[in-house]
Amino acid sequence: MKRVLICVSYDGTSYSGWQYQNNARTIEGELNKALTNLHSEPIEVIGASRTDAGVHALSAMAVYDTNAGMPADKVAPALNTKLPDDIRIVWSKEVEADFHPRHRLTEKTYEYNIWNSEFMPPMVRNYYYHVEKELNLDRMNEAAAALIGKHDFKSYCSVHTTADTTVREITGICVYREGSQVMIKVSGYGFLYNMVRIIAGTLIDTGLGRREVSFAKDALEKCDRQAAGPTAPANGLVLKEFRFLE
């Protein structure tokens with residue numbers, strides 16, 4: 001028996017999120033099906049994190065156990081022949097038998113993508129949130145700075161969370177522009193349910209002048225979901241990088 005770690009990239013448009021569901025198409029479900037087919041034995045992956053319906057990833061992580069003799073580094077190309085075109089394995093490698101992706105110190109980087117112009121090309125509609133009015137990035141970055149560090153992010157978390165604690169640490173956050181594209185980049189050691197999307201919604205409102213720059217910090221201190229801004233749509237969110245720190 002060996003444990004294999006895989007790095008997964010996917011377009012989440014057609015999926016009901018990462019987590020397996022009996023009555024819906026999910027990333028985890030597709031991976032389980034393809035791996036079971038590849039190794040000719042029942043396989044269930046353990047994901048390092050979960051994404052919501054419509055969210056995308058360039059670097060999601062998962063492990064699974066197998067008795068198959070295929071070398072771990074050969075799994076990626078072989079598995080890609082079994083998967084739909086909107087899911088790809090970037091690389092695969094063998095790890096220790098007790099390696100658990102949820103029990104390791106990690107840093108994740110998310111990016112929320114906004115198309116900031118009057119017209120958004122239809123071919124990017126699944127990957128950007130369209131904001132027509134020009135965003136003020138100086139205001140957004142000033143507001144975002146207050147969120148860096150370890151805080152209770154209860155205001156920036158869905159009320160449906162099952163987390164034991166809402167304290168999390170953001171290691172970096174910035175807003176930058178490339179032409180019509182505005183990106184909100186957020187890095188941290190862990191994230192709550194809808195946390196990045198609520199941060200994005202709050203900063204977008206600030207950039208549009210709907211909220212004062214101090215609003216993000218004030219909302220943080222109130223520890224009340226109703227105090228923060230709206231939850232931005234899922235399609236703009238991408239899990240860009242996942243790093244194991246130990």
Side-chain angles (χ1 to χ4, degrees), residues 1-111 113 126-127 163 168-169 171-172 185-191 193 196 234-235 237-246:
M1 180 76 72
K2 63 173 175 281
R3 177 158 288 194
V4 179
L5 174 66
I6 57 175
C7 177
V8 191
S9 177
Y10 54 86
D11 178 337
T13 303
S14 302
Y15 296 92
S16 297
W18 170 277
Q19 189 174 10
Y20 177 80
Q21 299 177 41
N22 285 324
N23 57 352
R25 194 165 177 242
T26 67
I27 304 298
E28 190 174 50
E30 292 296 325
L31 290 172
N32 290 347
K33 182 168 61 176
L35 283 164
T36 296
N37 181 285
L38 177 67
H39 293 313
S40 300
E41 62 179 341
I43 299 288
E44 292 185 2
V45 301
I46 302 171
S49 60
R50 301 169 182 171
T51 52
D52 296 336
V55 175
H56 316 291
L58 292 178
S59 183
M61 301 290 176
V63 296
Y64 70 93
D65 296 322
T66 179
N67 290 305
M70 178 180 291
D73 63 337
K74 302 298 183 185
V75 167
L79 186 56
N80 282 334
T81 67
K82 309 288 186 183
L83 287 165
D85 290 343
D86 50 7
I87 303 176
R88 281 293 173 266
I89 309 303
V90 182
W91 51 258
S92 55
K93 67 177 182 179
E94 187 170 353
V95 291
E96 300 88 352
D98 63 350
F99 183 96
H100 196 297
R102 295 182 198 158
H103 299 161
R104 299 282 177 132
L105 179 62
T106 62
E107 184 179 44
K108 290 185 283 187
T109 297
Y110 284 92
E111 200 162 77
N113 299 312
N126 292 327
Y127 313 105
R168 294 293 187 272
E169 183 172 357
T171 56
K185 186 177 182 179
V186 187
S187 299
Y189 297 135
F191 293 90
Y193 184 32
V196 178
N235 61 300
L237 187 60
V238 181
L239 173 56
K240 295 276 286 190
E241 185 178 4
F242 195 112
R243 296 194 303 132
F244 292 103
L245 303 178
E246 60 178 22

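In this chain, residues are counted from 1 in sequence order.
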Smallest heavy-atom separation, Arg168 atom then Ala163 atom, equals NH2-CB, 3.9 Å

Original post:
Just wondering, do Tyr20 and Leu31 contact through their side chains at under 4.5 Å, heavy atoms?
Top reply: no

With a 4.5 Å limit on heavy-atom distance, are the side chains of Asn113 and Tyr127 in contact? no

d(Leu5 CG, Trp91 CH2) to nearest 0.5 Å is 4.0 Å

Between Gln21 and Ser16, is there a donor-acceptor pair closer than 3.5 Å when you use the side chain of the first and the backbone of the second? yes

Please determine, by modelled atom types, if Asn32 and Tyr64 share a side-chain donor-acceptor pair under 3.5 angstrom.
-> no

Output for pair (His39 NE2, Leu79 CG), nearest 0.5 Å, gives 7.5 Å

Is it true that a side-chain atom of Ser92 and a backbone atom of Ile6 form a donor plus acceptor pair closer than 3.5 Å? no

(request) Answer yes or no: is there a donor N or O on one side and an acceptor on the other, between the side chain of His56 and the main chain of Gly12, under 3.5 Å? (result) yes

Nearest heavy-atom contact between Gly47 and Glu28 is N-OE2, 4.5 Å

| query | Any side-chain heavy atom of Thr26 within less than 4.5 Å of one from Gln19? | reply | no

Is the shortest side-chain heavy-atom distance between Thr106 and Met61 below 4.5 Å? no

_Under 3.5 Å: donor-acceptor pair, side chain of Glu30, backbone of Pro84_ = no

- prompt: Is Ser59 reaching over with its side chain to a backbone N or O of Glu241, donor-acceptor style, under 3.5 angstrom?
  reply: no

Correct closest heavy-atom pair for Pro101 and Ile46 would be CG-O, 3.7 Å

Here the gap from Thr36 atom OG1 to Lys82 atom NZ, rounded to the nearest 0.5 Å, amounts to 12.0 Å

Between the OG1 atom in Thr51 and the OH atom in Tyr15, the distance rounded to the nearest 0.5 Å is 11.5 Å

Contact between Lys93 and Asp73 at the side-chain level, heavy atoms closer than 4.5 Å - yes or no? no

### Query
Mind checking whether Ile27 and Ile87 have side chains closer than 4.5 Å, heavy atoms only?
yes

To the nearest 0.5 Å, atom OH of Tyr10 lies from atom CD1 of Ile89 at 11.0 Å

Within a 6.0 Å radius of atom CG on Asp85, are there more than 12 heavy atoms belonging to other residues, nucleotides or ligands?
no

d(Leu35 CG, Asp65 CG) to nearest 0.5 Å is 11.5 Å

**Message:** Under a 4.0 Å threshold between the charged nitrogen and the carboxylate oxygen, would Glu111 count as salt-bridged to Lys240?
**Reply:** yes

If you measure only the distance, is there a donor-acceptor pair under 3.5 Å linking the side chains of Glu107 and Ser187? no

Checklist entry - Any donor-acceptor pair under 3.5 Å linking the side chain of Arg3 with the backbone of Phe99? => result yes

Check: Does the Thr13 side chain pair with the main chain of Gly54, one donor and one acceptor, at a distance under 3.5 Å?
Finding: no

Give the C-alpha distance, both sets of side-chain angles, the deciding distance and a yes or no for side chain to side chain contact (heavy atoms under 4.5 Å, CB included) between Leu245 and Arg104. CA-CA 7 Å; Leu245 303 178; Arg104 299 282 177 132; over 6 Å; no

Practice task
Answer with yes or no after comparing the ring centroid distance for Tyr189 and Phe191 against a 6.0 Å cut-off, counting only values under it.
Solution key: no

* Asked: After noting the C-alpha distance and the side-chain angles of Val63 and His100, does the key distance pass the side chain to side chain contact (heavy atoms under 4.5 Å, CB included) rule?
  -> CA-CA 8 Å; Val63 296; His100 196 297; over 6 Å; no

In short, Val238 meets Leu58 closest at the heavy-atom pair CG1-CG, 4.1 Å

Note: Trp18 and Ala60 closest approach over all heavy atoms is CZ3-CB, 4.2 Å

key: Side-chain donor or acceptor of Asn37 paired with backbone N/O of Lys33 under 3.5 Å   = no

Neighbour count above 12 (heavy atom, 6.0 Å) for Lys185 NZ: no

